[in-house]
J.: 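One structure follows; several queries about it will come next.
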Amino acid sequence: MDVTLNVKRYNPDAAKPASYNQEYRIDLEDGSSLLDGLIKVREEMDGTLALRCSCRSAICGSCAMRVNGRAVLACNTKMKDVMPKDGSPVKVEPAGNMGVVKDLIVNFDVFWGKIKAVKPWLQPEGPVPQGEYLAPNEAMLHLAGVMGCIMCGACVSDCTVLEVDKNFLGPAALAKAYRFVGDPRDAHEKDRLKDLTKYGGMWDCTRCMQCVQVCPKGVDPMGRIMKMRDKALAAGYNNTYGARHALAFTDLVRHGGHLDELRLPIKTFGIFNVKEMLKLAPIGMRSQMVGKVPPLFPKPIPGIQNVRRIFEKVEAKR
Amino acid sequence: MKYAFYPGCVARGAAPELFASTIEVARRLGIELDYEPMRGASCTGAGVLQEKNQRLGDTLNARTFAMAEKAGLPLMVICSTCQGVMSQASKRFKDDPAYLAEINKDLAEEGLQYKGTVEPKHLLWAIIEDIGIDKLKAQVVKPLKGMKLAPFYGCYIVRPSAALGFAEHPEREDSLEQVIKAVGAEVVDFRGKTLCCGFPILTINQNNALKMVANHTLEAKGNGADAMVTPCPLCHLNLDGYQPAAAGLRKQPIDMPIIHLPQMLGMAMGIEPKALKLNKHLVSTKKLLSDLVLAP
């Protein structure tokens with residue numbers, strides 16, 4: 001199998017450090033992984049190519065990088081699955097949203113800082129047991145997936161919020177937070193949830209599902225963030241714009257069966273919130289100028305009583 | 001081909017041009033849109049209801065599916081977000097019949113039951129899979145030659161791919177590029193085409209949402225796009241409606257028209273711009289339309 005790799009490179013020790021692309025043409029066995037290809041380049045063609053790798057079995061989490069613009073583990077990505085049909089080179093870049101140290105190696109300092117920020121350790125209360133802190137199996141099953149996280153940083157690499165806001169905790173740290181929020185032995189669920197509702201926390205996720213898509217271990221970080229939102233609302237942490245938005249949306253659908261675009265931002269911000277109301281004014285005026293205003297008093301959908309009944313029934317089951 | 005038509009909330013609210021252009025285009029493609037069975041269908045939850053109570057959203061979507069199933073029609077949507085939310089619910093029902101059986105208990109009082117046969121399908125996918133690109137090409141009377149269009153999918157129609165049937169339908173991955181080419185326009189590729197527009201955090205962290213708008217529109221512009229085309233009305237609301245604010249944030253003009261998928265199809269079918277409501281955008285489409293008129 002003849003493959004051309006186009007690798008984004010960066011050498012911090014160069015006289016004028018700048019990233020550049022370099023192509024390598026290699027011959028590989030059909031079933032080879034992307035990592036096999038990169039190791040072959042490093043061992044046989046260019047010893048200066050820097051990359052992290054260790055287990056080659058998708059368990060150590062060392063070799064996350066971007067291939068054709070998407071984060072993957074190089075070791076569990078088959079080369080033939082990422083070779084473009086048009087014969088163009090396989091594009092290999094370092095993981096995103098983390099500073100590049102050299103070539104395909106990125107700096108994990110910020111990643112670990114965010115993991116530490118969610119206090120990723122058990123905080124039980126009460127008398128210390130003789131043996132371990134025990135929990136029934138069934139109470140821990142929902143955490144099995146999230147405990148499968150190998151800290152590879154693929155989700156962080158492709159997070160669309162981190163791309164515009166470095167303050168966001170990000171999918172890996174929030175998934176780790178859920179691992180303890182959802183642990184029945186932890187006594188600080190409420191404190192954790194309160195902290196996580198602050199700016200940069202759970203409500204800043206834009207639900208783009210990049211993390212769900214690229215996670216090589218099925219951790220489903222966004223799904224965990226959604227569960228924490230649900231828990232935060234249930235715990236009464238309702239006074240952030242994120243929480244208010246979810247509650248306003250739910251109320252409006254319960255009332256009319258559909259989204260009411262006019263009332264949603266007003267209910268979220270509060271009509272007496274002058275600052276936010278002023279921010280809404282320009283788009284309101286522009287929309288009016290082109291004759292595009294959502295109905296002032298939208299009618300509920302036919303059979304709305306059935307929708308309201310479903311709301312009551314399903315909410316009561318919680 | 002006849003479909004049970006689920007227009008979604010935004011096409012009947014803040015983006016009426018999507019509804020109008022869909023009706024115009026469907027007629028020419030031989031698509032019969034039957035709204036009647038879906039008249040009482042609710043919002044999908046748009047992923048927001050699901051963050052509060054996933055089962056609630058799933059029950060509402062099962063109800064909608066049951067309505068289409070009862071009418072014996074395939075279900076068509078015109079919104080990436082509706083597509084994604086429905087597909088995710090549909091996957092949960094398929095993966096866990098016991099869960100669906102529980103949900104059906106809550107539908108029984110209304111005389112509805114969902115058997116699990118509905119595959120919600122966006123107009124974009126229907127054109128490729130049911131109608132055929134050739135039939136679309138046959139309706140093109142004014143090819144958009146020389147027009148450079150950047151596709152912008154919307155998260156929910158591309159991720160998670162496991163729920164969207166990409167394995168069985170690999171053609172879905174570049175469906176938007178396929179229809180752009182079919183109407184004679186040039187595809188402008190750019191990194192942001194499958195990323196988030198920022199709409200879901202517009203009321204939560206507006207600054208981040210505006211940065212996303214600025215990044216995508218400026219990247220498309222930098223790559224030479226005359227306009228961006230989207231199958232998602234929520235992306236449209238943000239990329240079009242909040243583009244002036246994003247331009248203000250970046251302190252540079254953007255002026256990137258954002259057109260809905262059926263508007264693009266309609267332009268190539270020679271439908272009057274007013275009938276497609278291309279005058280209802282916050283970022284003007286005038287230059288785009290005049291370029292089209294002047295095109296050889």
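All chains are named by letter (A, B, ...) in the order of the sequence lines, taking the proteins before the strands, and each is independently numbered beginning at 1. Just so it is clear, the values below take in all heavy atoms, side chains as well, and ignore hydrogens, waters and symmetry mates.
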J.: What part of Thr206(A) gets closer than 4.5 Å to chain B, counting heavy atoms only: side chain, backbone, both or neither?
T.: both
J.: Has Asp158(A) got a side-chain atom pairing as donor or acceptor with Ala71(A)'s backbone, closer than 3.5 angstrom?
T.: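 Judged by distance alone, yes, a pair lies under 3.5 Å.
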J.: Whether the side chain of Ser90(B) engages the backbone of Met86(B) through a donor-acceptor N/O pair (distance < 3.5 Å, no angle test) should be reported.
T.: no
J.: Checking heavy atoms, do the side chain of Asn215(B), its backbone, both or neither come under 4.5 Å from chain A?
T.: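 When you check distances to chain A, only side chain atoms of Asn215(B) fall under 4.5 Å.
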J.: What pair of heavy atoms forms the shortest contact from Ala177(A) to Leu196(A), and how long is it?
T.: CB-CD1, 3.8 Å
J.: Would you mind checking which part of Thr240(A) comes under 4.5 Å of any heavy atom in chain B, side chain (CB onward), backbone (N, CA, C, O), both or neither?
T.: neither
J.: Less than 3.5 Å apart, any donor N or O on the side chain of His236(B) or Gln263(B) sitting next to an acceptor on the other?
T.: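 Distance-only check fails for His236(B) and Gln263(B).
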J.: For Glu261(A), which atoms come within 4.5 Å of any heavy atom of chain B: side chain, backbone, both, or neither?
T.: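 Only the side chain of Glu261(A) comes within 4.5 Å of chain B.
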J.: For the candidates Gly13(B), Gly84(B), Ala14(B), which exhibits the highest count of non-hydrogen atom pairs separated by less than 4.5 Å from chain A?
T.: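 The residue among Gly13(B), Gly84(B), Ala14(B) with the greatest pair count is Ala14(B).
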J.: Using non-hydrogen atoms only, which part of Asp106(B) is less than 4.5 Å away from chain A: side chain, backbone, both, or neither?
T.: both
J.: Which atoms of Phe168(A) are under 4.5 Å from chain B, going by heavy atoms: the side chain, the backbone, both sets, or neither?
T.: neither
J.: Given a strict heavy-atom distance threshold of 4.5 Å, which part of Lys227(A) is in contact with chain B: side chain, backbone, both, or neither?
T.: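 When you check distances to chain B, no heavy atom of Lys227(A) falls under 4.5 Å.
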J.: Heavy-atom distances under 4.5 Å only: say whether Val10(B) touches chain A with side chain, backbone, both or neither.
T.: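 Looking at Val10(B), backbone and side chain both touch chain A.
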J.: For Arg309(A), which atoms come within 4.5 Å of any heavy atom of chain B: side chain, backbone, both, or neither?
T.: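 For Arg309(A), the side chain is the part near chain B, not the backbone.
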J.: Side chains of Tyr153(B) and Glu177(B): donor-acceptor distance under 3.5 Å anywhere?
T.: yes
J.: Using heavy-atom distances under 4.5 Å, tell me whether Gln54(B) contacts chain A through its side chain, its backbone, both, or neither.
T.: neither
